[in-house]
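Sequence lines set the chain letters: A, B, ... in the order given, protein chains first and strands last, and positions in each chain run from 1.
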Amino acid sequence: MPEELSFFDQVYEVVRCIPKGKVTNYGAIARYLGTGKSSRMVGWAMNASHISGLKVPAHRVVNRLGILSGKAHFGDPQAMQRLLEKEGLKIENDRIKNFEAHFWDPSKELELP
DNA sequence: CGATTGACGTACG
DNA sequence: TCGTACGCCAATC
């Protein structure tokens with residue numbers, strides 16, 4: 001067991017820690033992992049997890065604008081919006097309303113070791 | 001093996 | 001204030 005999890009694994013762990021009804025963006029996760037501006041890797045990890053079959057609440061991860069940028073990758077774009085609405089979020093025009101209110105920053109909510 | 005792309009974000013004009 | 005350009009790292013073509 002390597003003490004340092006792979007970048008992908010770390011992303012999965014953070015995303016899995018997202019409370020229900022909360023959402024976050026790629027940049028926040030990237031910053032929490034220390035990658036900083038490599039927010040693209042987070043998105044890549046999401047795609048990989050989706051392909052790997054791992055269960056990751058990727059629907060809770062959106063871009064910094066609160067737009068469901070990854071809805072197209074869920075198989076059914078409506079599924080992502082539906083999941084978020086099911087958690088009490090308000091989606092309009094593929095965008096999360098009150099995104100700031102439901103924003104969950106791992107680097108703030110989650111304590112660094 | 002080199003070039004391109006990608007579920008993004010920030011900087012600069 | 002809005003639009004464009006660049007950087008990040010890895011995987012794929």
Side-chain angles (χ1 to χ4, degrees):
Chain A
M1 281 292 283
E3 54 261 355
E4 291 186 11
L5 295 169
S6 302
F7 185 86
F8 284 42
D9 293 331
Q10 295 192 57
V11 175
Y12 304 151
E13 187 133 355
V14 173
V15 175
R16 259 192 232 163
C17 285
I18 300 175
K20 180 185 174 187
K22 295 281 184 173
V23 290
T24 188
N25 57 32
Y26 303 94
I29 297 173
R31 190 169 7 163
Y32 172 74
L33 297 178
T35 49
K37 300 166 185 175
S38 305
S39 36
R40 293 186 177 194
M41 301 300 94
V42 180
W44 225 105
M46 292 281 103
N47 193 359
S49 75
H50 151 65
I51 294 170
S52 295
L54 292 172
K55 293 178 181 175
V56 180
H59 60 272
R60 293 180 187 155
V61 184
V62 296
N63 64 1
R64 76 177 194 84
L65 300 175
I67 300 173
L68 284 60
S69 23
K71 65 170 187 160
H73 293 262
F74 271 72
D76 288 335
Q78 301 299 333
M80 186 174 185
Q81 177 174 338
R82 182 131 182 196
L83 287 166
L84 291 171
E85 287 183 333
K86 189 177 180 183
E87 298 194 353
L89 292 170
K90 309 281 177 66
I91 314 297
E92 181 164 312
N93 213 351
D94 296 338
R95 190 183 353 147
I96 299 176
K97 299 195 70 160
N98 286 342
F99 175 61
E100 301 177 2
H102 297 290
F103 181 68
W104 182 81
D105 191 343
S107 63
K108 290 181 180 175
E109 303 298 326
L110 225 58
E111 286 188 27
L112 291 165

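- When heavy atoms are screened at a 4.0 angstrom cut-off, Asn63(A) is found touching the sugar-phosphate backbone but no base atom.
- Looking at Trp104(A) and Val23(A), their side chains never come closer than 4.5 Å, going by heavy atoms from C-beta outward.
- Heavy-atom minimum distance, Tyr12(A) versus Ser49(A): CE2-CB, 3.1 Å.
- Proximity of residues 89-104 of chain A to DNA chain C (heavy atom under 4.0 angstrom from any strand atom) is not detected for any residue.
- Here the separation of dT4(C) from dA7(B), taken at their C1' atoms, is 22 Å to the nearest Å.
- Between Arg64(A) atom CZ and dA11(B) atom P there is a gap of 10 Å when expressed in whole angstrom units.
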Give every donor-acceptor pair under 3.5 Å between a side-chain atom in residues 91-102 of chain A and any protein atom, sequence neighbours left out.
from	atom 1	to	atom 2	distance (Å)
Asp94(A)	OD2	Lys71(A)	NZ	2.7
His102(A)	ND1	Gly21(A)	O	3.3

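- The CG-C1' distance, from Leu65(A) to dC2(C), rounds to 14 Å in whole Å.
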Under 3.5 Å donor-acceptor pairs involving side-chain atoms of residues 50-64 of chain A, not counting sequence neighbours:
from	atom 1	to	atom 2	distance (Å)
Ser52(A)	OG	Ala48(A)	O	2.7
His59(A)	NE2	Glu87(A)	OE2	3.2
Arg60(A)	NE	Glu87(A)	OE1	3.1
Arg60(A)	NE	Glu87(A)	OE2	3.2
Arg60(A)	NH1	Ile18(A)	O	2.8
Arg60(A)	NH2	Glu87(A)	OE2	2.9
Asn63(A)	OD1	Leu65(A)	N	3.2
Asn63(A)	OD1	Gly66(A)	N	3.0
Asn63(A)	OD1	Ile67(A)	N	2.7

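- Every residue meeting the side chain to side chain contact (heavy atoms under 4.5 Å, CB included) condition with Thr35(A), not counting sequence neighbours, appears here in chain and number order: Phe7(A), Ala30(A), Leu33(A), Ser38(A).
- Cluster membership for Leu110(A) and Phe103(A), using ILVMFWY side-chain heavy atoms within less than 4.5 angstrom, is not shared.
- Across all non-hydrogen atoms, the minimal contact from Pro77(A) to Ala72(A) is CG-CA, 4.4 Å.
- Note: Lys22(A) NZ to Asp105(A) CG = 11.5 Å, rounded to the nearest 0.5 Å.
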N/O-N/O pairs, protein side and nucleotides 8-10 of chain C side, under 3.5 Å:
from	atom 1	to	atom 2	distance (Å)
dC8(C)	O3'	Ser38(A)	OG	3.3

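- Contacts between residues 66-81 of chain A and DNA chain B, defined by a heavy-atom separation below 4.0 Å, involve Ser69(A), Gly70(A), His73(A), Phe74(A), listed by number.
- Using a 4.0 Å heavy-atom cutoff across all strands shown, Ala45(A) reaches no nucleic acid atom at all.
- Cluster membership for Tyr32(A) and Met46(A), using ILVMFWY side-chain heavy atoms within less than 4.5 angstrom, is shared.
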